[in-house]
Amino acid sequence: MKIIIFTYDRFDTITTSRYFKGIKHTVLCHTNQQKQKFINAGNIYGDIIATNQPKGLSNNRNFALDMLNDDEWALFMVDDLINMTFLQTYYKQKLNNLDIDFKNVPEYRKLFKQQLNPQQFLEICNETIEHAEQKGFALCGFSLTDNPLFRNKKYSYWSLADGRCWLVKKTDLRFDLKVQLIDDTCFTALNLKKFGGVVNNNWILPNCKRYTTGAYGTLNQRMKQKKIECEYLVKTYPEFIKISKKSGWEYGTHVKIRQKRKYNPKQINLF
């Protein structure tokens with residue numbers, strides 16, 4: 001399993017490579033000039049490759065897929081990891097469901113904050129991949145939230161696989177180059193269509209910074225492009241993606257995966 005970290009211009013603030021210090025991994029940036037700046041800053045602890053692809057995460061995602069052999073799995077991660085936490089009793093827990101309610105939430109909130117070191121995380125990645133192979137799926141994500149009430153099930157199979165931390169199997173699927181900011185929603189939809197599900201391991205939480213300066217910039221700087229991409233997604237993948245309201249966000253700048261329902265594949269054109 002290859003480990004691939006995606007970055008753009010966070011020369012002084014990239015953190016994910018440090019997490020994997022001592023473990024073979026590759027950092028992808030876009031240009032040779034950027035590559036040299038990363039080397040000069042001294043925050044890269046693996047190999048670094050300038051892809052010479054146009055700016056945009058989906059461009060480098062496809063480059064990363066081309067680095068893999070057919071049916072090979074890779075760990076894709078963003079560059080701003082804060083820490084990795086998991087359920088304290090993960091290795092002892094033989095059940096796939098937890099009895100979490102409002103009364104025991106404080107207890108579980110503590111249990112879910114166990115720090116996860118890289119070796120443990122990679123072990124869990126391999127376990128999650130094995131589960132995905134058994135299900136016939138080719139994309140895995142992890143928890144979207146630190147709220148225990150939404151983490152009672154170890155695995156879920158029909159929801160967004162958050163692109164901040166992904167396990168991706170090389171198939172014939174490729175990233176839609178018209179979607180660069182919310183590529184994870186798009187790629188999740190493609191996997192739901194082709195394979196009928198994804199695997200989300202809800203007992204692991206990659207805690208990353210969001211919408212900070214760098215790459216496409218802060219949230220306000222991204223909104224115009226996000227609105228364009230959201231409109232494109234709901235028109236192109238209407239059976240899987242819908243516009244969703246989000247507090248504090250302009251309507252039309254946030255999308256979500258639709259709940260699973262029956263559909264006729266012949267009526268869907270994904271490309």
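Note that the numbering runs from 1 along the sequence shown for the chain. Small disclaimer: the values here were computed from a predicted structure and weren't measured.
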Between [Y] and [X], is there a side-chain donor-acceptor contact under 3.5 Å, judged purely by atom types and distance?
{"X": "T51", "Y": "N60", "value": "yes"}
{"X": "D176", "Y": "Y237", "value": "yes"}
{"X": "Q225", "Y": "E229", "value": "yes"}
{"X": "N200", "Y": "S159", "value": "yes"}
{"X": "E127", "Y": "Y90", "value": "yes"}
{"X": "N40", "Y": "Q36", "value": "yes"}
{"X": "N83", "Y": "N207", "value": "yes"}

Got a sec: does the [atom1] of [X] have more than 12 other heavy atoms crowding it under 6.0 Å?
{"X": "Q115", "atom1": "CD", "answer": "yes"}
{"X": "Y91", "atom1": "OH", "answer": "yes"}
{"X": "E231", "atom1": "CD", "answer": "no"}

Answer yes or no: is there a donor N or O on one side and an acceptor on the other, between the side chain of [X] and the main chain of [Y], under 3.5 Å?
{"X": "E133", "Y": "I129", "answer": "no"}
{"X": "T253", "Y": "E250", "answer": "yes"}
{"X": "S58", "Y": "V179", "answer": "yes"}
{"X": "N104", "Y": "D99", "answer": "yes"}
{"X": "N43", "Y": "F11", "answer": "yes"}
{"X": "T26", "Y": "I48", "answer": "no"}
{"X": "Q180", "Y": "L177", "answer": "yes"}
{"X": "T7", "Y": "D79", "answer": "no"}

**Request:** Look at the aromatic rings of F121 and F20 and report parallel, tilted or perpendicular, splitting at 30° and 60°.
**Result:**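 The arrangement is tilted - the two ring planes meet at 30° to 60°.
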**W166 and F187 aromatic ring geometry - parallel, tilted or perpendicular at 30°/60° bounds** =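 Rings of F187 and W166: tilted, as their planes differ by 30° to 60°.
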**Request:** Begin from the C-alpha positions of T128 and N201 and carry the test side-chain hydrogen bond (donor to acceptor under 3.5 Å, both in side chains) through to its verdict.
**Result:** CA-CA 7 Å; T128 305; N201 188 330; 3.1 Å; yes
Does [X] come within less than 4.0 Å of [Y], counting only side-chain N to carboxylate O?
{"X": "K2", "Y": "E72", "answer": "yes"}
{"X": "D146", "Y": "R151", "answer": "no"}
{"X": "K24", "Y": "D47", "answer": "yes"}
{"X": "K193", "Y": "E239", "answer": "no"}
{"X": "K103", "Y": "D101", "answer": "no"}

**Request:** Please identify each residue that fulfils side chain to side chain contact (heavy atoms under 4.5 Å, CB included) with Y251, with sequence neighbours left out.
**Result:**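 Here the qualifying residues are I243, K245.
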**Cationic tip of R61 above F76 ring, under 6.0 Å, 45° of axis** =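 Here R61 fails the 6.0 Å and 45° test against F76.
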Let me confirm one number: the [atom1]-[atom2] distance from [X] to [Y], rounded to the nearest 0.5 Å.
{"X": "L190", "Y": "D172", "atom1": "CG", "atom2": "CG", "answer": "10.0 Å"}
{"X": "I44", "Y": "I39", "atom1": "CD1", "atom2": "CD1", "answer": "8.5 Å"}
{"X": "E107", "Y": "R109", "atom1": "CD", "atom2": "CZ", "answer": "12.5 Å"}

**Asked** Partners of R18 by side chain to side chain donor-acceptor pair (under 3.5 Å), sequence neighbours excluded?
**Response**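 In terms of side chain to side chain donor-acceptor pair (under 3.5 Å), with neighbours along the sequence ignored, R18 is linked to Y45.
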**Asked** How far apart are the C-alpha atoms of F137 and F195, what are their side-chain angles, what is the distance that settles it, and do they pass the ring-ring contact (aromatic ring centres under 6.0 Å, His included) test?
**Response** CA-CA 6 Å; F137 300 157; F195 299 106; 7.8 Å; no
**Close aromatic pair by centroid cut-off 6.0 Å: H131 and Y157** =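 Centroid separation for H131 and Y157: below 6.0 Å.
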